Visitor: 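Pasting in a structure now, in structure tokens, and then I'll have a few things to ask.
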2 protein chains.
Amino acid sequence: MMYYSFMIIEQRNEDQIKVQIFKALADESRLEIIRILRDQKGELSCGEVGERINISKSTASYHFKTLREAGLTSTRKETRNKYVKLRLDTFEKYLPGFLDSL
Amino acid sequence: MMYYSFMIIEQRNEDQIKVQIFKALADESRLEIIRILRDQKGELSCGEVGERINISKSTASYHFKTLREAGLTSTRKETRNKYVKLRLDTFEKYLPGFLDSL
DNA sequence: TTCATAGTTTAAAAACTATCGAACTAAAAA
DNA sequence: TTTTTAGTTCGATAGTTTTTAAACTATGAA
């Protein structure tokens, strides 16, 4: 029997993924961001979203990172802007029906 | 126009309720507790649940309080024990489909 | 009454989270 | 080339969360 180092690199398990998602959702500013993105039915730049909820740009950036790392949003960079949208696949998989009730 | 003091007691709004629920769900021990209670399809005492996931009784008590205050569980005291069960109404209202996928 | 059991509360430490301004980076506009 | 714009990163700070041991409460058993 051979042991490979990659064997002990424990894969992030499903509960840890869920915990990360719930942490990302457990903040009023981020719920607002999600609601804005849902209603927009498309992409918005980080700046446009940040403006609407009145937080500093560094705080906004922090929230976008939190959402992105939880797999709840994806971003696309175009010229100077960064466009954010919801990852509907993640919402569907882990929180079916949630977006409609938000 | 008359003003009543209760008018300015701002009602805990829906987002705050959701944030509290997501905070309660954002912990591996509590996800385990919820899974145990779901599979039990009935009540268990706090002690019985705590034993199954190997945490100290004060930590267990803290987690039960967190879940209860988020409206995710209810408890009934009988003799020396306190029996916990899920509040399916809350799960249905805020997280339809979640329990099945947990 | 005394002892044991089940659970809560408290206090404190350690880890984590949210926020902001300032400095920074990269790309577009002048 | 220089300046402006959009966003990220850093450092500091204030507040929150998780955990444990110890003290406490309430109930049932001996």
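Values below: every heavy atom of this structure, side chains too, minus hydrogens, waters and symmetry copies. All chains are named by letter (A, B, ...) in the order of the sequence lines, taking the proteins before the strands, and each is independently numbered beginning at 1. What you see is a predicted model; the values in this text were computed from it and never measured.
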Visitor: Identify, with sequence neighbours excluded, every residue that meets side chain to side chain donor-acceptor pair (under 3.5 Å) alongside A/S61.
Guide: none
Visitor: As a test of reading the structure: which of D/dT18, D/dT9, C/dA6 is closest to the side chain of A/S58, going by heavy atoms?
Guide: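 Closest nucleotide to the A/S58 side chain: D/dT9.
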Visitor: In this structure, how many angstroms lie between the P atom of C/dA18 and the CD1 atom of A/I55, rounded?
Guide: 11 Å
Visitor: Going by ring-ring contact (aromatic ring centres under 6.0 Å, His included), name the pairs with one or both residues in residues 12-57 of chain B, residues two or more places apart or in two chains.
Guide: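 For residues 12-57 of chain B, and leaving out neighbouring residues, the ring-ring contact (aromatic ring centres under 6.0 Å, His included) pairs sorted by first residue read A/F22-B/F22, A/F98-B/F22.
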Visitor: Just jot down the side-chain contact (heavy atoms from CB on, under 4.5 Å) partners of B/V19, sequence neighbours excluded, or say none.
Guide: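 In terms of side-chain contact (heavy atoms from CB on, under 4.5 Å), with neighbours along the sequence ignored, B/V19 is linked to A/E28, A/L31, B/K23.
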Visitor: Could you list all N or O pairs between the protein and nucleotides 12-16 of chain D that sit under 3.5 Å apart?
Guide:
none

Visitor: Using only atom types and a distance under 3.5 Å, with no angle test, would you say the side chain of A/Q20 pairs donor to acceptor with the backbone of A/I17?
Guide: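 The answer is no, because no donor-acceptor pair under 3.5 Å joins these two groups.
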Visitor: Do any side-chain atoms of residues 76-83 of chain B form donor-acceptor pairs under 3.5 angstrom with protein atoms, and if so which ones, sequence neighbours left out?
Guide:
unit_1: B/R76; atom_1: NE; unit_2: B/E43; atom_2: OE1; d: 3.4
unit_1: B/R76; atom_1: NE; unit_2: B/E43; atom_2: OE2; d: 3.0
unit_1: B/R76; atom_1: NH1; unit_2: B/E78; atom_2: OE1; d: 2.7
unit_1: B/R76; atom_1: NH2; unit_2: B/E43; atom_2: OE1; d: 2.8
unit_1: B/R76; atom_1: NH2; unit_2: B/E78; atom_2: OE1; d: 3.4
unit_1: B/N81; atom_1: ND2; unit_2: B/Y83; atom_2: OH; d: 3.4

Visitor: Could you tell me which residues satisfy side chain to side chain donor-acceptor pair (under 3.5 Å) with A/S58, sequence neighbours excluded, listed by chain and number?
Guide: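 A/S56.
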Visitor: Can you check the A/F22 CZ to D/dT18 C1' distance for me, whole Å?
Guide: 19 Å
Visitor: For A/Y83 and B/T66, take the nucleotide of DNA chain D holding the closest heavy atom to each; which residue's nucleotide lies nearer the 5' end?
Guide: A/Y83
Visitor: Where the side chain of B/R38 meets the backbone of B/L102, is there a donor-acceptor pair that is under 3.5 Å apart?
Guide: yes
Visitor: Going by heavy atoms closer than 4.0 Å, what residues in residues 25-39 of chain B are next to DNA chain C?
Guide: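 Close to the strand, none.
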Visitor: Give me each pair satisfying ring-ring contact (aromatic ring centres under 6.0 Å, His included) with a member in residues 45-79 of chain A, each pair once, sequence neighbours excluded.
Guide: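 Non-adjacent pairs meeting ring-ring contact (aromatic ring centres under 6.0 Å, His included): zero.
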Visitor: What does nucleotides 23-30 of chain D look like as a protein-contact string, B for base, S for sugar-phosphate only, - for none, at under 4.0 angstrom between heavy atoms?
Guide: ----BSS-
Visitor: Determine yes or no for a side-chain-to-main-chain donor-acceptor pair under 3.5 angstrom, with A/E48 supplying the side chain and A/S45 the backbone.
Guide: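 It does hold such a pair.
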Visitor: According to a strict under-4.0 Å criterion, is A/H63 in side-chain N/O contact with OP1 or OP2 of C/dT19?
Guide: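 A/H63 to C/dT19 OP1/OP2: side-chain N or O found under 4.0 Å.
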Visitor: The side chain of A/N81 lies closest to which of these nucleotides: D/dT9, D/dT8, D/dA6?
Guide: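 Of all the options, the side chain of A/N81 is nearest to D/dA6.
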Visitor: Please report the end-to-end axis angle for the helix from C/dT1-D/dA30 to C/dA30-D/dT1, five pairs per end, rounded to 10 degrees.
Guide: 10°
Visitor: What is the nucleic acid contact for A/S45, judged by heavy atoms within less than 4.0 Å: base, sugar-phosphate only, or nothing?
Guide: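 Since only primed, P, OP1 and OP2 atoms lie under 4.0 Å of A/S45, the category is sugar-phosphate.
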Visitor: Name all residues meeting the side chain to side chain donor-acceptor pair (under 3.5 Å) criterion together with A/E32; count only those two or more places apart in sequence or in a different chain, and write none if there are none.
Guide: none
Visitor: How long is the line joining NZ of A/K65 and P of C/dT19, in whole Å?
Guide: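 Answer to the nearest Å: 15 Å.
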Visitor: Is there a side-chain contact between B/S61 and the phosphate of C/dT8, meaning an N or O under 4.0 Å from OP1 or OP2?
Guide: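 Yes.
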Visitor: Which residue pairs pass the side chain to side chain donor-acceptor pair (under 3.5 Å) test with at least one member in residues 88-102 of chain A, sequence neighbours excluded?
Guide: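 For residues 88-102 of chain A, and leaving out neighbouring residues, the side chain to side chain donor-acceptor pair (under 3.5 Å) pairs sorted by first residue read A/E14-A/Y94, A/R87-A/D89.
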Visitor: Indicate, with a heavy-atom threshold strictly under 4.0 Å, whether B/Y62 touches base, sugar-phosphate, or nothing.
Guide: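 Base, at least one base atom sits under 4.0 Å.
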